[in-house]
Number of protein chains: 2
Amino acid sequence: MNPDEPALTEVPVTAVLFALADPVRLQIVGELSGGGEHPCGHLGPDMPKATRSHHLKVLREAGLTSTRREGTTKFVRLRAQEVGERFPGLLDAVLPVPAEPAR
Amino acid sequence: MNPDEPALTEVPVTAVLFALADPVRLQIVGELSGGGEHPCGHLGPDMPKATRSHHLKVLREAGLTSTRREGTTKFVRLRAQEVGERFPGLLDAVLPVPAEPAR
DNA sequence: GAGCATGTTCGAGAAAAGTCGAACTATGGC
DNA sequence: GCCATAGTTCGACTTTTCTCGAACATGCTC
């Protein structure tokens with residue numbers, strides 16, 4: 001298995017919490033929580049790409065996201081099902097009402 | 001209200017997650033999750049009292065715990081109800097099954 | 001009061017995280 | 001091949017945490 005996208009069971013709870021305990025990353029997770037794939041470059045607030053890449057790596061290594069390459073861009077998605085199975089209710093408890101359907 | 005024990009609505013989600021994203025503090029929360037008050041000095045793994053005091057302060061300022069003095073010792077309890085109201089399911093998702101229901 | 005216990009605060013060192021420019025890699029179009 | 005685009009990695013810097021000894025504060029008992 002790709003060591004960069006570990007199984008949730010391999011990741012310490014504290015690592016998952018740590019990944020979520022940052023405003024930028026939590027915002028990214030919030031944007032992803034609507035479902036589907038998002039082009040990596042537009043996630044979160046405006047910031048240098050090195051910084052964004054860093055935050056996405058933290059989320060990825062915490063097992064929270066999955067990435068797929070398509071041409072020159074990468075698409076990120078929330079591993080909602082796996083997270084939900086390992087930590088039921090966590091995302092719901094932490095995300096500010098992702099009810100906000102489409103915009 | 002005691003600024004040291006803020007209302008959970010005053011605390012950013014990320015601060016709560018940050019407080020939980022440390023092995024020592026998460027262990028303390030786990031020990032508290034059984035309910036009731038615990039003498040402050042025996043919580044978590046063995047460590048210098050300055051360090052324990054620091055971790056308990058982080059938990060307190062995140063709104064996760066409440067402290068009551070009785071004589072020379074302080075008793076800590078988890079603010080389970082308030083946390084549950086503000087972040088339903090968070091503690092259950094994050095604590096390693098304190099109840100061990102069946103099988 | 002002195003002595004003792006339990007915690008907090010202060011200060012400093014070490015370790016870790018966040019930020020971001022620059023260099024590098026990978027892919028696609030020409 | 002060359003060039004542009006999208007991301008990653010590297011390196012340096014800044015900021016924040018963690019840790020813990022030492023000093024201080026508080027409350028109890030004698």
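Letters A, B, ... are given to chains in the order of the sequence lines, protein chains preceding strands, and every chain is numbered from 1. Just the heavy atoms: all of them, side chains too, but no hydrogens, waters or symmetry mates, feed the values below.
- Taking atom CZ on Arg52(B) and atom P on dG21(D), their separation rounds to 13 Å, with Å as the unit.
- Straight-line distance from the NE2 atom of His38(A) to the C1' atom of dA6(D): 18 Å, rounded to whole Å.
- At least one side-chain heavy atom of Glu70(A) sits under 4.5 Å from a side-chain heavy atom of Phe75(A).
- Under the 3.5 Å distance criterion, the side-chain polar atoms of Ser33(A) are matched with a main-chain donor or acceptor of Gly30(A).
- Among the protein residues, Thr73(B) comes within range of the sugar-phosphate backbone only, with heavy atoms under 4.0 Å from sugar or phosphate atoms but none that close to a base.
- With rounding to whole Å, Asp46(B) atom CG is found 10 Å from dC20(D) atom P.
- Atom CZ in Phe75(A) sits about 16 Å away from atom C1' in dA26(C), given to the nearest Å.
- Counting only heavy atoms from C-beta outward, the side chains of Leu78(B) and Val29(B) approach each other to under 4.5 Å.
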May I have the list of side-chain donor-acceptor pairs in residues 8-18 of chain B shorter than 3.5 Å, sequence neighbours left out?
none

Q: Could you please spell out the steps behind the side-chain contact (heavy atoms from CB on, under 4.5 Å) verdict for Glu37(B) and Val76(B)?
A: CA-CA 5 Å; Glu37(B) 293 181 318; Val76(B) 184; over 6 Å; no

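- Under the 4.5 Å side-chain heavy-atom criterion for grouping Ile, Leu, Val, Met, Phe, Trp and Tyr, Val58(A) is not connected to Leu20(A) through any hydrophobic cluster.
- A straight line from CE of Met47(B) to P of dT8(C) spans 12 Å, rounded to a whole angstrom.
- Across the protein-nucleic acid pair, Leu56(B) atom CG and dG7(C) atom P stand 9 Å apart, rounded to whole Å.
- Inter-residue side-chain proximity for Gln27(A) and Pro45(A) is flagged as met; some heavy-atom pair is nearer than 4.5 Å.
- Atom CE in Met47(B) sits 5.5 Å away from atom NE2 in His55(B) (nearest 0.5 Å).
- Considering only the side chain of Ser53(B), dT8(C) comes nearest among dT8(C), dG7(D), dG21(D).
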Polar-atom pairs under 3.5 Å, protein N or O versus N or O of nucleotides 23-30 of chain D: list them with distances, or write none.
none

Q) Going 5' to 3' along nucleotides 12-18 of chain C, which nucleotides have protein heavy atoms under 4.0 Å from the base (write B), which only from the sugar-phosphate (write S), and which from neither (write -)? A) -----SS

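- The CG-P distance, from Leu26(B) to dC18(D), rounds to 13 Å in whole Å.
- Rounded to whole angstrom, the span from the CG atom of Leu43(A) across to the P atom of dA6(D) amounts to 14 Å.
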Q: Go through the steps for Thr73(B) and Cys40(B) under the test side-chain contact (heavy atoms from CB on, under 4.5 Å), then give the verdict.
A: CA-CA 7 Å; Thr73(B) 81; Cys40(B) 159; over 6 Å; no

